[in-house]
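Each chain gets a letter, A, B and so on, in the order the sequences are listed, and its residues count up from 1.
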Number of protein chains: 2
Amino acid sequence: MAQPPTPRGVTPARSRDHNRQLVLGHLQAAGALGRAEIARRAGLSTQAVSNIIAELEGEGLLRTQGLARGRRGLPAPQYVLAAEGGFALGIEVRPGALLAALLDLEGRPVWHDRRPLASAAPEDVGAQLPGLLAAALAAAPQAEGRLLGAGVALPGPFGRTGIASDLPGWDGIAAAEVFAPLGLTVTVENDANAAALGARIALAPEGVTSFACLYFGTGLGLAIVQDGRLVVGAHGNAGEIGHVPIPTPNGPQPLEALLSRLSVERHLRAAGRKAGDMDALAALHAEGDPALADWIAGAAGPLGLATGLIENLLDPQTIVLCGAMPEGIVRDLIAAAPLTERSVARREGRTQPPLRVGRCSRLAAVIGAGALVLNRTFTPALAA
Amino acid sequence: MAQPPTPRGVTPARSRDHNRQLVLGHLQAAGALGRAEIARRAGLSTQAVSNIIAELEGEGLLRTQGLARGRRGLPAPQYVLAAEGGFALGIEVRPGALLAALLDLEGRPVWHDRRPLASAAPEDVGAQLPGLLAAALAAAPQAEGRLLGAGVALPGPFGRTGIASDLPGWDGIAAAEVFAPLGLTVTVENDANAAALGARIALAPEGVTSFACLYFGTGLGLAIVQDGRLVVGAHGNAGEIGHVPIPTPNGPQPLEALLSRLSVERHLRAAGRKAGDMDALAALHAEGDPALADWIAGAAGPLGLATGLIENLLDPQTIVLCGAMPEGIVRDLIAAAPLTERSVARREGRTQPPLRVGRCSRLAAVIGAGALVLNRTFTPALAA
DNA sequence: CCGGATAACTCAAGAAGGTTGTGTGTTCAA
DNA sequence: TTGAACACACAACCTTCTTGAGTTATCCGG
């Protein structure tokens, strides 16, 4: 919903929910664990964990995988997430298209689809939903009855703000209503935030829980994740980094004008290249196009400045770059970005690189939309 | 501790803790409420709230204050926090001094003290603690046995980072050990974060729960509060805004060089004024000193840029300015700051001003240190 | 090869916390 | 005057977690 949650009172049922999420989250992050080990990590008794695991196993959300041999004592059965035990539907609304993806419990996409949208008005999108759900279940019948919820990614910002939205007429509240007919629990976020939670699924096994994410959509978005939870601000619109002024020889320019799909395309067009989509961009990069190399050299500086800004303001473990920018270009950008030493993130014993590559694909946000659901499933939050 | 908390499993006892904090938090924010009203807001049954309130009243943390007349039905006894029912000790370590304050449950300081420190080494600070506690209890004997904990504010950043600390040898972990002999639950944060939670106590009745705080210490610090909780980053060092480069006619300069105590003092010294402390600054401001007005005019631009940056990156309800800068100067800065319209915080129906004045005092951080304890008391967090 | 230490798990009993249902008392409005 | 609305208390019940005793399986040293 992109709205900060209000803390709620704890009742026995909500306790169980919280503890279930905690157990699933530990398994997601660690891969395979025994009951006693989960209990230690969660701060619960082994008995409580045993009960929860029996319940989750009965629901098909996890299964045993071998025994922990090699240590003293009774060998503990190891539990892992059952990928086919639960599925998450991700939906992304863009000005020209409606995207959808179905993720299994491990976050792998088992199906995805893209439908052109003549109009992105809420009612026209709503009309597509029944067909979308039917197509997903037709392609992945094993998901029938096992949908954990739906996540929706929209380009921000939500509501009427000082920054124009790419998708007027939508905001977090209204969106939840549009998708209510799916009959699923709906979570709405902007595209950058969704993509960041997609990255979180992949990064959790490395112990990365607090990070930032620079997302290449039309412009450039920033998402902030602390402790596995999004930092979205008072109205869900945190992360508008695209308009931050960056000093250049021609005066300050918005970061988005220097580091984004629009920026690279404009630069290439001015040089007489055609690069209207990612494949064309990737091809130009593969052949070592000098105009593209020129753009990368120019964009690396602003990326370095943005990195310093994000590190000092937010102290993340790392910053993930993802979205609709070919991976090779992102790698070059990271390699060329001048990183300042004056940062609180430059600490001794740091294990994460300052910048790293995430999912470089047009699907980053729609897969992230599905990950919204998985993160809700894995992240205990006594607040809703 | 300035470390992100790890979610823990819920047990019955932790449930009660959480719900107690929730009840106290609602009373702190709303002033006076009946049991049924609290139950509705917290999502609990009236019976549960009744039990909790009976417990809290027995401990002296709240008391009744009149009846809610004028509505139908049985007049509900209204409950309010009992200011004298609990106290929080705040301690601030600075390079040259050790400050302490005792706050009552409503956040009002009932005592404060300042002791010069020849050395800010942990062991020398530790040696002062018994005397400090004794002095506090001597000045406020009603706090005996009613201390809820101790909060500690240190200048950041913690640990060895790319930015030098004003107080080498300290970090969040070590600090908790230094203060353990107090026999109180200790919470450690950097000075800006502490000051921000001090502001939160004052702002909660207005419904401000997500905001940012610019803190004038030696340099300039930023604290980020979302939903009543600090956003501290992966290692507790989020908010280093002082080194953000700001474009000026003489090239980019760190924000701290343009907007901070050091900056104004350097500017005034260059103009032949003496302004070594806050009183001198306030006096110059009162007499309309032109050199000071000149500095304010020059600092307002950077403040406006920082405001735009914070608003777009964090989408706060408001930004609070506080710390060691005379209130009149802060008011002038706010009035003169050029605010961009291009911000996600510029929304319809906005009730909070973009910038507002907080506690303009050298005591902002030490009082905030006490507020760390109060916020722990008022903010439910099933995580520790 | 055997016995003790170690560790994980299960079962049963108990404790803590919250909810629901019933009843009582007070106030406002028709 | 009467009924609806509302707050609260008491008691029974439910859910969840913890604790303690007992079982089983593995490792390791003699």
Side-chain angles (χ1 to χ4, degrees), chain A residues 7-24 26-27 30 32-59 62-79 380 382 384, chain B residues 7-24 26-27 30 32-59 62-79 380 382 384:
Chain A
R8 285 214 302 175
V10 183
T11 67
R14 293 207 268 260
S15 283
R16 174 55 78 103
D17 261 359
H18 176 100
N19 289 343
R20 277 171 57 113
Q21 290 162 353
L22 201 57
V23 168
L24 287 171
H26 280 296
L27 286 176
L33 293 171
R35 303 179 182 202
E37 180 58 28
I38 296 174
R40 278 188 293 269
R41 296 186 185 206
L44 290 171
S45 65
T46 52
Q47 186 58 52
V49 172
S50 262
N51 295 341
I52 290 168
I53 286 211
E55 194 177 285
L56 293 171
E57 199 176 8
E59 296 170 19
L62 46 81
R63 60 163 195 274
T64 56
Q65 185 183 66
L67 300 172
R69 321 284 307 224
R71 286 176 306 200
R72 261 192 199 182
L74 198 159
Q78 301 296 98
Y79 288 87
L382 268 167
Chain B
R8 286 213 301 176
V10 184
T11 68
R14 294 207 268 259
S15 283
R16 174 53 77 100
D17 262 359
H18 176 100
N19 289 343
R20 278 172 56 113
Q21 290 161 354
L22 201 57
V23 168
L24 287 171
H26 280 296
L27 286 176
L33 293 172
R35 303 180 180 203
E37 181 57 28
I38 296 174
R40 276 188 294 269
R41 296 186 185 205
L44 290 171
S45 64
T46 51
Q47 188 57 51
V49 172
S50 265
N51 295 341
I52 291 168
I53 286 210
E55 194 177 284
L56 292 172
E57 199 175 7
E59 295 171 20
L62 45 80
R63 61 164 194 272
T64 56
Q65 186 183 66
L67 300 173
R69 321 286 306 224
R71 284 176 307 198
R72 243 183 219 194
L74 199 160
Q78 301 297 97
Y79 289 86
L382 268 166

*Asks:* State which residues pass side chain to side chain donor-acceptor pair (under 3.5 Å) with E59(B); sequence neighbours excluded, sorted by chain then number.
*Replies:*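 Listed in chain order: R20(B).
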*Asks:* R16(A): which residues meet the salt bridge (charged side-chain N to carboxylate O under 4.0 Å, His left out) condition with it, sequence neighbours left out?
*Replies:*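 R16(A): salt bridge (charged side-chain N to carboxylate O under 4.0 Å, His left out) contacts with E55(A).
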*Asks:* Do R14(B) and V10(A) come close enough that some side-chain heavy atom pair is under 4.5 Å?
*Replies:*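 Of all side-chain heavy-atom pairs linking V10(A) with R14(B), none is under 4.5 Å.
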*Asks:* Whole angstrom is fine here: how far is it from CD in E37(B) over to C1' in dA7(D)?
*Replies:*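 Roughly 12 Å, once rounded to whole Å.
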*Asks:* Calculate the interatomic distance between I38(A) atom CD1 and dC9(C) atom C1'; express it in whole Å.
*Replies:*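 So the CD1-C1' distance, I38(A) to dC9(C), works out to 13 Å.
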*Asks:* Using heavy atoms to find the nearest nucleotide of DNA chain D for P75(A) and Q78(B) separately, return the residue whose nucleotide is more 5′.
*Replies:*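 On the 5' side of the pair lies Q78(B).
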*Asks:* Name the atoms and distances for all side-chain donor-acceptor pairs under 3.5 Å in residues 42-49 of chain A, with sequence neighbours left out.
*Replies:*
from   : atom 1 : to     : atom 2 : distance (Å)
S45(A) : OG     : A48(A) : N      : 3.2
Q47(A) : NE2    : N51(A) : OD1    : 3.1

*Asks:* Round to a whole Å and report the spacing from CG of L67(A) to P of dC27(D).
*Replies:*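 The distance from CG of L67(A) to P of dC27(D) comes to 11 Å, rounded to the nearest Å.
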*Asks:* Regarding R40(A), tell me which of base, sugar-phosphate or nothing describes its non-hydrogen contacts under 4.0 Å with the strands shown.
*Replies:*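 Contact class for R40(A): sugar-phosphate only.
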*Asks:* Taking atom CD1 of I52(B) and atom CZ of R35(B), what is their separation to the nearest 0.5 Å?
*Replies:*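 Going from CD1 on I52(B) over to CZ on R35(B), the span is 11.0 Å.
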*Asks:* Specify the separation, in whole Å, of atom CD of E57(B) and atom P of dA9(D).
*Replies:*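 In whole Å, dA9(D) P and E57(B) CD are 10 Å from each other.
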*Asks:* Does L33(B) have any side-chain contact (heavy atoms from CB on, under 4.5 Å) partners at least two apart in sequence or in another chain, and if so, which?
*Replies:*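 For L33(B), the residues satisfying side-chain contact (heavy atoms from CB on, under 4.5 Å) (neighbours in sequence not counted) are H26(B), L27(B), A30(B), E37(B), I38(B), R41(B).
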*Asks:* Can you tell me if S50(A) touches the phosphate of dC9(C), counting only side-chain N or O atoms and a distance under 4.0 Å to OP1 or OP2?
*Replies:*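 No, because none of the side-chain N or O atoms of S50(A) sits under 4.0 Å from OP1 or OP2 of dC9(C).
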*Asks:* With the sugar-phosphate defined as primed atoms, P, OP1 and OP2, and the base as all remaining atoms, what B/S/- string results for nucleotides 12-23 of chain D, 5' to 3', for protein heavy atoms under 4.0 Å?
*Replies:* ----SSBB----
*Asks:* Could you state the atom-to-atom distance from OH of Y79(B) to P of dA7(D) in whole Å?
*Replies:*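 The answer, rounded to whole Å, is 13 Å.
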*Asks:* Just N and O in the side chain of R35(A): are any of them under 4.0 Å from OP1 or OP2 of dT10(C)?
*Replies:*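 Yes, R35(A) has a side-chain N/O under 4.0 Å of OP1/OP2 on dT10(C).
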